[in-house]
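Input: a single structure, listed below in structure tokens.
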Amino acid sequence: MAVWIYTDTSKPVGDIEHLKVFATEEAATAWFAKNDPGGVAFEYEVIRLDAPSRPTMNHVGRRTLICMALILALVVVWQIVR
């Protein structure tokens with residue numbers, strides 16, 4: 001999901017009119033046609049709350065985990081046979 005953000009540089013940061021956030025490109029286009037025909041909004045991805053909070057295990061992580069398990073198993077076998 002993305003939003004389109006317009007910055008009015010004539011307004012101070014924090015002013016209610018400094019930023020405009022549009023839910024769709026069509027909403028931004030309609031607002032510009034009426035309020036600022038030369039204006040431009042830039043698209044930004046929305047960070048969602050249901051996104052994973054930590055990185056998922058990738059292939060390198062799985063290989064590392066498997067190698068560690070194999071080493072542990074070899075140590076246990078070595079302790080038994082010695």
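Computed from a predicted structure; not experimentally measured.
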H18 side, atom NE2; D8 side, atom CG - distance, nearest 0.5 Å: 8.0 Å
CG on L19 to NZ on K11, rounded to 0.5 Å: 12.5 Å
Atom pair CD (E43) and CD1 (I5), whose distance is rounded to the nearest 0.5 Å: 10.5 Å
Exercise: identify the closest heavy-atom pair between K20 and W31: CE-CZ2, 3.6 Å
Identified ring pair (Phe, Tyr, Trp, His ring centres under 6.0 Å) partner of Y6 from the options F42, Y44, F32, F22: F32
Interatomic spacing from CE in M1 to OG1 in T24 - rounded to 0.5 Å: 10.0 Å
